[in-house]
Amino acid sequence: MGMRILITGSGGREHALAWKLSQSSRVERVYAAPGNAGTALIGENVPISPEDAAGLLAFAREHRIDLTVVGPDDALAAGVVDVFEDAGLRIFGPRAAAARLESSKAFAKDFMQRHGIPTAAYREFTDSAEARDYCRAANYPLVVKADGLALGKGVIIAADAEQADAAIRTCMEDKVFGAAGMKVVVEEFLVGVECSIHALVDGSGYLLFPDCRDHKKALDGDLGLNTGGMGTICPSGTVDEEMTARIRAEILDRFMAGIRADGLSFRGMLFPGLMLTAEGPKVLEFNCRWGDPETQVLVRRLNSDMVPLLEATIDGTLTDQFPVWDDAAAVCVILASGGYPGAYEKGKAIHGLSKAAFIEGVEVFHAGTKASDGQVLTSGGRVLGVTGKALGLEAARALAYLGADEISFDGMQRRNDIGAPRRMP
Ligand code: AMP
Ligand code: GLY
């Protein structure tokens with residue numbers, strides 16, 4: 001009998017994982033908890049929250065799930081993997097103790113510093129007066145980060161002491177990010193090109209995926225507020241062989257050594273966000289999960305089966321895996337609700353989905369969508385990820401926008417420069 005797979009989460013990443021995993025000849029059925037209108041087309045949505053470990057475990061037992069794949073970071077931090085593993089069920093993702101590398105920026109910075117992993121110089125504060133004193137005497141720009149998880153919004157780049165002061169107030173006094181902002185990390189502003197690295201880690205070794213580039217800012221030209229990501233390209237076009245060698249030696253090898261030295265166990269996806277600076281690659285943050293919308297472009301380029309990769313990660317046998325990547329480039333353009341990353345309305349009817357899907361080489365991944373009476377409605381900030389795959393970045397980009405042009409909903413916003421030639425920093 002084929003495998004039954006449960007994917008937790010409801011974003012574009014989860015639809016992309018469901019899409020890829022459902023293509024495996026070994027997979028019989030895919031469930032998504034809670035999923036979106038896209039995962040419902042591929043498998044079955046189940047109304048369980050990704051953080052409800054007990055609910056997920058009961059479902060997995062009842063439906064004889066062979067493999068659970070965790071999407072979002074807060075589920076990892078909540079210990080869903082710990083609960084499944086302790087119950088003897090197979091699950092993809094690191095345990096909560098290792099996922100702290102993402103859920104606490106202070107923990108991650110300390111880990112990097114102790115293990116010689118290049119990152120921005122920093123100080124951490126639990127006292128707002130001390131943080132203010134430090135910022136008053138600092139050089140600008142400066143970066144203020146809430147310690148905990150804040151949906152990618154807890155990072156404030158301060159141009160001067162006044163802005164740093166406001167950021168400290170937001171995090172530590174107004175507590176806009178709740179407990180996540182009670183502690184802040186203040187760090188040096190790094191200049192360079194950003195790049196997203198993904199590597200499967202099986203406890204003793206790692207398997208590097210192709211590099212991607214996200215576009216974090218809401219508006220064209222990298223203007224506006226930080227978002228969860230407005231579009232991605234793969235490959236990033238900025239990582240040559242020499243840079244790959246440095247990323248392996250200075251980041252991934254040292255990460256593995258650090259994990260071992262600290263007695264941590266890490267099995268799952270490690271996704272370091274990097275700044276490629278004049279001095280070399282530096283880690284902006286560690287994510288302990290698949291990127292969103294990086295996953296959307298990675299799955300488009302992965303030509304071989306994904307199931308063995310996930311299994312080998314869990315079993316510690318990644319050295320036997322040789323994934324096949326498409327030579328073509330992939331581009332993902334996010335269609336977001338008007339107002340995102342701020343307040344936005346939901347429940348807008350989405351038009352043109354089938355027209356976009358009809359274009360050869362285009363694949364549309366749902367994120368914040370909901371099926372209702374035969375219609376697909378918006379239900380989140382990032383609504384859809386339209387991907388194009390073609391030989392060469394320009395062709396892939398043209399294809400993604402060809403697909404995106406077919407789709408509309410009230411208030412829709414997108415960036416028009418995903419994968420466009422970069423201005424040099
Ligand atoms: P993070 O969640 O830590 O990756 O931060 C979100 C975004 O803020 C990053 O993708 C960068 O664009 C920016 N950022 C974070 N830290 C720094 C830094 N030290 N220097 C420059 N930009 C940064
Ligand atoms: N695209 C960035 C992230 O998933 O964190």
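Here, residue 1 is the first one in the sequence, and each next residue gets the next number. Both ligands and their constituent atoms are indexed starting at 1 by order of listing. No experiment lies behind these values; they were computed from the predicted model shown.
Leu309 is listed as a side-chain neighbour of Pro323, based on a closest heavy-atom distance under 4.5 Å. Contact annotation: the side chain of Pro293 approaches that of Cys332 to within less than 4.5 Å [non-hydrogen atoms, C-beta and beyond]. The shortest distance between side-chain heavy atoms of Arg132 and Phe125 does not fall below 4.5 Å. Between Ile251 and Ile197 there is no side-chain heavy-atom pair separated by less than 4.5 Å.
In this structure, Trp290 does not count as a contact residue of ligand 2, since none of its heavy atoms falls inside 4.0 Å of the ligand. Proximity of Gly228 to ligand 2 is established by a heavy-atom distance of less than 4.0 Å. Put simply, no part of Lys217 is less than 4.0 Å from ligand 1, judged by heavy atoms. Every heavy atom of Ser196 sits 4.0 Å or more from the atoms of ligand 2. Ligand 1 has at least one atom lying under 4.0 Å from a heavy atom of Met275.
A donor-acceptor pair is defined here as one N or O able to donate and one able to accept, closer than 3.5 Å; no such pair exists between the side chain of Arg123 and the backbone of Tyr134. Using a distance-only test at 3.5 Å, with no hydrogens or angles considered, a donor-acceptor pair links the side chain of Asp66 to the main chain of Arg4. Without hydrogens or angle criteria, Asn36 side chain to Lys370 main chain gives no donor-acceptor distance under 3.5 Å. In terms of modelled atom types and a separation under 3.5 Å, the side chain of Ser337 and the main chain of Gly380 share a donor-acceptor contact. With Glu394 contributing its side chain and Gly392 its backbone, the two residues share no donor-acceptor pair below 3.5 Å.
When each atom of ligand 2 is checked for a heavy atom of Asp214 under 4.0 Å away, the hits are 1 (N), 2 (C). Counting atoms of ligand 1 from 1 in the listed order, those under 4.0 Å from a heavy atom of Val155 are 1 (P), 2 (O), 3 (O), 5 (O), 6 (C), 8 (O), 15 (C). Near Val143, meaning under 4.0 Å from one of its heavy atoms, ligand 1 places the atoms 16 (N), 17 (C), 18 (C), 19 (N), 20 (N). Set against the non-hydrogen atoms of Lys216, the atoms of ligand 1 under 4.0 Å away are 10 (O). In the vicinity of Glu187, heavy-atom distances shorter than 4.0 Å reach the ligand 1 atoms 16 (N), 17 (C), 18 (C), 19 (N). Remark: ligand 1 atoms within the under-4.0 Å shell around heavy atoms of Asn226 are 7 (C), 8 (O). The atoms of ligand 2 that sit less than 4.0 Å from any heavy atom of Pro293 are 1 (N).
Looking at ligand 2, you won't find any N or O of Gly291 less than 3.5 Å from one of its N or O atoms. When only interatomic distances are considered, the shortest N/O to N/O separation between Glu294 and ligand 2 falls below 3.5 Å. Among the atoms of Glu285, none of the N or O lies under 3.5 angstrom from an N or O of ligand 2. In terms of N/O distances under 3.5 Å, ligand 2 is approached by Asp292.
In terms of protein heavy atoms, atom 5 (O) of ligand 2 is closest to Arg289 NH2, 2.7 Å.
The proximity of Leu190 to ligand 1, defined as any non-hydrogen pair under 4.0 Å, involves the side chain as well as the backbone. The residue Arg13 has no part lying near ligand 2, judged by heavy-atom distances below 4.0 Å. At a heavy-atom cutoff of 4.0 Å, ligand 2 is contacted by no atom of Arg382, backbone or side chain.
Aromatic ring centroids of Phe255 and Phe286 lie under 6.0 Å apart. Ring centroids of Tyr31 and Phe59 are separated by less than 6.0 Å, placing the two rings close together. Here the two rings, on Phe271 and Trp290, have centers that are 6.0 Å apart or farther.
The residue among Glu102, Glu188, Lys145 with a heavy atom at the shortest distance from atom 16 (N) of ligand 1 is Lys145.
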Residue pair Lys217, Asp417: steps toward the salt bridge (Lys or Arg N to Asp or Glu O under 4.0 Å) verdict: CA-CA 11 Å; Lys217 292 282 170 37; Asp417 63 349; over 6 Å; no
